[in-house]
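Below is one structure, written out as structure tokens; comments come after it.
Residue numbering restarts at 1 for every chain, and letters A, B, ... go by the order of the sequence lines.
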Protein chains: 2
Amino acid sequence: MQIFASPQTSTAEDIVAELTEAVHEHRLQPGMKLREDEVAEIFGVSRTVVRQALRAMSHEGLVAIERNRGAFVAKPTIKEAREVFEARTLLEPQTARAAAERATSEDIAALERHIENEHAAIDMGNAGLALKLSGLFHLEIARIANQRTIEAFAQQLVSRSSLVIALYWQRRGALCESHAHHALMNAFRRQDPDSAEELMKGHLLDLISQLDLRDKPSESASLKDALKK
Amino acid sequence: MQIFASPQTSTAEDIVAELTEAVHEHRLQPGMKLREDEVAEIFGVSRTVVRQALRAMSHEGLVAIERNRGAFVAKPTIKEAREVFEARTLLEPQTARAAAERATSEDIAALERHIENEHAAIDMGNAGLALKLSGLFHLEIARIANQRTIEAFAQQLVSRSSLVIALYWQRRGALCESHAHHALMNAFRRQDPDSAEELMKGHLLDLISQLDLRDKPSESASLKDALKK
DNA sequence: CGAGCAAAAATTGTATACAATTTGCCTTGG
DNA sequence: CCAAGGCAAATTGTATACAATTTTTGCTCG
């Protein structure tokens, strides 16, 4: 399967960006192997640069590197999935509040365009694109809040959320409703930090509620437990 | 100046760990250059491995890599310094709460030993060691809370805090009082999450208040502003 | 026919060689 | 004497070669 276009030479950052985008759009799925030679040929660089990219992504939790075995798209466990959304619940509501306090009319216009794109992606049935845009919306808010450090954390968490969704989303076809995004944007427009914070909190809880994060026997920590009658 | 012991062969992780420890103890100071050859010789590996380590640290915000110019210990700006502690204020109080709910008697014993070590370091006048231990105390709490994801964020934030302290601490000689750490541990012992959360919040605010984060003309964002009469 | 083992192929880990870029110094001309 | 230009040294960026490890293949033997 041809997943990427083939440019000539790329930097490690380019490769990270493209691979990350592919994860966001669920073209790269959890567990897929990323062979260095293969990636190197696709991007027209040597393995040296590919390794930089893969190590960077492993540091973001998007890729799992097993020594002498290679790099794989990460497969977050249920515990990790919970942690990702718990961290988001700590960071993003407050960030939305800060963004609501700072948002300029340009910021709001950008958000509005963004939501339009989300709708367009859903209408044309491009679920992968819709999912990616949905994640980017959250990053845009972090950007507006002007908190680079938290933005970097959010970026990592949103990316990992894509993996969590790929693994644990319940109703496969159903809605990635940008309804909540609309409500958030309106709170920004009203310069209403309290609402923005609450809406973000609710939005995240809503997302979590649509995941199936019940413990499964296969994830049981100990072999002994698994063999219990 | 001889900063490191010289072992034979090390992994990239070893190098990250040693360099990070040196940052924590203020043996490596903001702005110092980290030449690849030099580090490679010290650790007895090739530049390949050193580059892995330096790139990992740059991703953590501990090292700044300038293209074709090399790696330097990062020099957080005042804005970054504020962001680091704002992020800590979002994450750590809640984490302390979670830790207070989960802490076992072994956890508390470990914290107690840790605080003793902090006192010992202060008594023997080893400010660098005391500073490092002070940071590790916060990481120990994240570990007790059993939140790997947040622990990773906290690790990065604590490391960057060491750089911030190196740059912006006001009274050079004065106290890194582990007083607040004692109070936190007692809250854990009482299984008092509310207190733990409040104490951590207050502790962080206290730390921030001892930094000099006033804007300085030299940090003016634009050259144009700087040249204005 | 399947289990076990051994050799071969494939893949990753590390070091080194070479290219590209920057930095410092020295020369030269005003 | 100072500024500008350019050459040389030092340093980083990338590719490649080689070593170590894992995975696959295919054979033998039960």
Please determine if A:K132 and A:E21 form a salt bridge, counting it only when a charged side-chain N lies under 4.0 Å from a carboxylate O.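 Yes, charged N to carboxylate O under 4.0 Å.
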Using a strict threshold of under 4.0 Å (side-chain N to carboxylate O), is an ion pair present between B:E36 and B:R69?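 Here B:R69 does not pair with B:E36 in a salt bridge, since their nearest N and O are not under 4.0 Å apart.
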Quiz question: by atom type and distance under 3.5 Å, do the side chains of A:H26 and A:S162 form a donor-acceptor pair?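 A:S162 and A:H26 do not have a side-chain donor-acceptor pair below 3.5 Å.
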B:F72 CZ to C:dT22 P: how many Å, rounded?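 About 13 Å, once rounded to whole Å.
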Tell me the interatomic distance from A:R47, atom CZ, to D:dT14, atom P, rounded to whole angstroms.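 It works out to 16 Å between those atoms.
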Could you please name the option among [options] that lies closest to any side-chain atom of [X]?
X: B:T48; options: C:dT16, D:dA15, C:dT12; result: C:dT16
X: A:Q52; options: D:dT14, C:dT12, C:dT14; result: D:dT14
X: B:V49; options: D:dT12, C:dT12, C:dA15; result: C:dA15

Sub-3.5 Å donor-acceptor pair from the side chain of B:R82 to the main-chain atoms of B:L213, do we have one?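 Answer holds: yes.
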Look at the aromatic rings of B:H203 and B:H181 and report parallel, tilted or perpendicular, splitting at 30° and 60°.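 Because their plane-to-plane angle is over 60°, the rings of B:H203 and B:H181 count as perpendicular.
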Could you check whether A:R35 gets within reach of a base, just the sugar-phosphate, or nothing at all, counting any heavy atom under 4.0 Å?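 The residue A:R35 makes sugar-phosphate contact but no base contact.
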A:R214: side-chain hydrogen bond (donor to acceptor under 3.5 Å, both in side chains) partners, not counting sequence neighbours: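 Scan of A:R214 (side-chain hydrogen bond (donor to acceptor under 3.5 Å, both in side chains), adjacent residues dropped) gives A:D212.
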Going by heavy atoms closer than 4.0 Å, what residues in residues 54-71 of chain A are next to DNA chain D?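 Within residues 54-71 of chain A, the residues near DNA chain D are A:N68, A:R69.
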